[in-house]
Trainee: 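Below you will find the structure I want to go over with you.
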Amino acid sequence: PITARAETSNIADCLLEPTWCEALPGVACEPGEGTWLLFADDAGIAPHIARQLRESGRHVITVRNGDAYAGLHADACEVNPRSSDDYEQLFATVRGAGHELAGVIHLWGCRPASSVAAELPAPNAEIERGLASLFHLAQALARHQLIVPRLVELLVVTWDGQPFDDDQLRLAPERAGVGIFLNALRLESNSLNCRAVDIASHDVSGAPDAAAATAGIVWEELHLERPE
């Protein structure tokens with residue numbers, strides 16, 4: 001016989017609520033030596049990180065969002081976030097120039113949620129710059145590591161992707177899946193050290209320079225090796 005399921009009158013009993021737990025303290029370390037790909041944001045964070053990396057002796061290639069692949073010139077290039085071929089060309093260019101890849105810093109999710117909400121095509125644009133870009137990046141990076149085996153750091157930085165408080169209006173839900181994607185990627189690859197850093201934009205917006213404040217958080221994260 002079929003037994004009817006017990007029904008609940010409280011809808012809250014059917015929902016899950018995310019909770020935060022304190023991360024274990026990281027161990028001080030230095031960013032890997034070699035070349036770093038820096039997927040530059042529109043908020044001005046990338047120049048601060050590029051300067052710090054170069055001052056520490058690392059080579060930096062800035063990657064910007066564009067309509068089509070534009071080859072390496074003066075340590076800068078462009079890729080179309082929707083084109084998997086552009087990412088393949090990017091890594092082929094890195095190999096062809098003899099650069100040894102140490103890490104990738106992805107900043108394309110660093111825009112305040114309020115500015116994203118004001119743009120009508122924002123959801124598709126955010127997904128293209130976020131999850132879609134990371135999907136193509138991960139595929140191309142995996143193929144690159146088959147040719148040049150080496151542990152590579154992948155640090156993805158977003159603004160307003162996760163709820164830190166009750167201010168849901170500041171959320172950009174299109175970015176919420178980034179951490180989940182990186183967790184899956186971490187389980188599938190032994191040659192990637194994946195980390196996601198999500199920053200509440202209102203925590204840095206009060207600083208004299210929000211871009212510099214965000215870059216400072218990223219720079220600190222690059223100097224920590226966190227236990228699994």
Trainee: For residues Pro31 and Arg58, determine if any side-chain heavy atom of one lies less than 4.5 Å from a side-chain heavy atom of the other.
Mentor: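 Heavy-atom side-chain distance check passes, below 4.5 Å.
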
Trainee: Of all the heavy-atom pairs spanning Ala70 and Cys77, show the shortest one and how long it is.
Mentor: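 Taking Ala70 first and Cys77 second, the nearest heavy atoms are O-CB, 3.1 Å.
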
Trainee: Supply the atom-to-atom distance Ser84 OG to Arg143 CZ, rounded to the nearest 0.5 angstrom.
Mentor: 7.5 Å

Trainee: Identify the heavy atoms of Gly44 and Pro47 that sit nearest to each other, and give their distance.
Mentor: O-CD, 3.5 Å

Trainee: Taking the side chain as every heavy atom from C-beta outward, state whether Leu222 and Ile105 have any pair of such atoms under 4.5 Å apart.
Mentor: yes

Trainee: Are Trp36 and Ile217 connected in the hydrophobic side-chain network, where two residues link if heavy atoms are under 4.5 Å apart?
Mentor: yes

Trainee: Any side-chain to backbone donor/acceptor pair from Glu153 onto Gly32? Under 3.5 Å, distance only.
Mentor: no

Trainee: Check Ala43 against Ala211 and note the closest heavy-atom contact, atom names and distance.
Mentor: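 Closest heavy-atom pair between Ala43 and Ala211: O-CB, 3.4 Å.
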
Trainee: For the residue pair Arg150 and Leu101, establish whether any side-chain heavy-atom pair is separated by less than 4.5 Å.
Mentor: no

Trainee: Would you call Glu78 and Arg64 a salt bridge, using N to O less than 4.0 angstrom?
Mentor: no

Trainee: With rounding to the nearest 0.5 angstrom, report the CZ to CG distance, Arg186 to Leu154.
Mentor: 9.5 Å

Trainee: Starting from Tyr69, can I reach Leu38 by hopping between I/L/V/M/F/W/Y residues whose side chains sit under 4.5 Å apart?
Mentor: no

Trainee: State which residues pass side-chain hydrogen bond (donor to acceptor under 3.5 Å, both in side chains) with Ser56; sequence neighbours excluded, sorted by chain then number.
Mentor: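 In terms of side-chain hydrogen bond (donor to acceptor under 3.5 Å, both in side chains), with neighbours along the sequence ignored, Ser56 is linked to no residue.
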
Trainee: Are more than 12 heavy atoms from other residues, nucleotides or ligands located less than 6.0 Å from atom CD of Glu33?
Mentor: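 Result for CD/Glu33: open.
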
Trainee: Is it the case that one hydrophobic cluster holds both Leu53 and Val152, taking links as side-chain heavy atoms less than 4.5 Å apart, direct or via other members?
Mentor: no

Trainee: Is there a path from Val104 to Ile49 through hydrophobic residues (I, L, V, M, F, W, Y) whose side chains come within less than 4.5 Å of each other?
Mentor: no

Trainee: Decide if atom CZ of Phe181 counts as having more than 12 heavy atoms of other residues, nucleotides or ligands within a radius under 6.0 Å.
Mentor: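 Atom CZ in Phe181 is crowded, with more than 12 foreign heavy atoms closer than 6.0 Å.
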
Trainee: Nearest 0.5 Å, what's the CG-CZ distance between Asn65 and Arg82?
Mentor: 8.0 Å

Trainee: Could you tell me the separation between the CD atom of Gln52 and the NE2 atom of His48, rounded to the nearest 0.5 Å?
Mentor: 8.5 Å

Trainee: Is there a side-chain contact between Trp159 and Asp198 (heavy atoms, below 4.5 Å)?
Mentor: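 Answer no - side chains too far apart.
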
Trainee: How about Asn183: does its CG atom have over 12 heavy atoms from other parts shown lying under 6.0 Å from it?
Mentor: yes

Trainee: Please find the pair of heavy atoms, one from Trp108 and one from Pro81, that lie closest to each other, and give the distance.
Mentor: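 That would be CZ3-CB, 3.7 Å.
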
Trainee: Under the side chain to side chain contact (heavy atoms under 4.5 Å, CB included) test against His106, which residue among Leu182, Leu137, Leu155 passes?
Mentor: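 The side chain to side chain contact (heavy atoms under 4.5 Å, CB included) with His106 is passed solely by Leu137 among Leu182, Leu137, Leu155.
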
Trainee: Is there a side-chain contact (heavy atoms from CB on, under 4.5 Å) between Leu141 and Leu192 once you walk through the steps?
Mentor: CA-CA 9 Å; Leu141 183 53; Leu192 276 179; 3.3 Å; yes

Trainee: Compute whether any side-chain donor of one residue and acceptor of the other, for Asp86 and Ser83, lie under 3.5 angstrom apart.
Mentor: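 Yes, a side-chain donor-acceptor pair sits under 3.5 Å.
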
Trainee: Begin with the C-alpha distance, continue with both residues' side-chain angles, and end with the deciding distance and a verdict on side-chain contact (heavy atoms from CB on, under 4.5 Å) for Ser133 and Tyr87.
Mentor: CA-CA 9 Å; Ser133 168; Tyr87 293 84; 2.9 Å; yes

Trainee: What is the distance from atom OG of Ser191 to atom CG of Leu151, rounded to the nearest 0.5 Å?
Mentor: 7.0 Å

Trainee: Indicate yes or no: at least one non-hydrogen side-chain atom of Val27 is less than 4.5 angstrom from one of Leu224.
Mentor: no

Trainee: Would you say the side-chain atoms of Ser189 pair up with the backbone N or O of Leu185, donor to acceptor, closer than 3.5 Å?
Mentor: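 The answer is no, because no donor-acceptor pair under 3.5 Å joins these two groups.
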
Trainee: Check for a donor-acceptor pair, side chain of Arg95 on one end and backbone N or O of Ile147 on the other, with a separation under 3.5 Å.
Mentor: no

Trainee: Taking atom CD of Glu88 and atom NE2 of His144, what is their separation to the nearest 0.5 Å?
Mentor: 11.0 Å

Trainee: Check whether any side-chain heavy atom of Ile199 lies under 4.5 Å from a side-chain heavy atom of Val204, and answer yes or no.
Mentor: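 Ile199 reaches Val204 side chain to side chain.
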
Trainee: Do Asp85 and His136 have side-chain atoms, one donor and one acceptor, less than 3.5 Å apart?
Mentor: no

Trainee: Using only atom types and a distance under 3.5 Å, with no angle test, would you say the side chain of Asp41 pairs donor to acceptor with the backbone of Leu107?
Mentor: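 Side chain of Asp41 to backbone of Leu107, a donor-acceptor pair under 3.5 Å: no, none is there.
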
Trainee: List the steps, then state whether side-chain contact (heavy atoms from CB on, under 4.5 Å) holds for His99 with Ile61.
Mentor: CA-CA 10 Å; His99 300 311; Ile61 296 175; 4.0 Å; yes

Trainee: Do Val218 and Val197 make a side-chain contact, defined as non-hydrogen atoms from C-beta onward lying under 4.5 Å apart?
Mentor: no

Trainee: State, yes or no, whether a side-chain contact exists between Val156 and Leu134 at a heavy-atom distance under 4.5 Å.
Mentor: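 Heavy-atom side-chain distance check passes, below 4.5 Å.
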
Trainee: Kindly work out whether a path of hydrophobic side-chain contacts (I/L/V/M/F/W/Y, heavy atoms less than 4.5 Å apart) joins Val79 to Ile127.
Mentor: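 No, no single cluster joins them.
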
Trainee: Taking His59's backbone N and O only, do any of them form a donor-acceptor pair with Arg54's side chain (distance below 3.5 Å, no angle check)?
Mentor: no

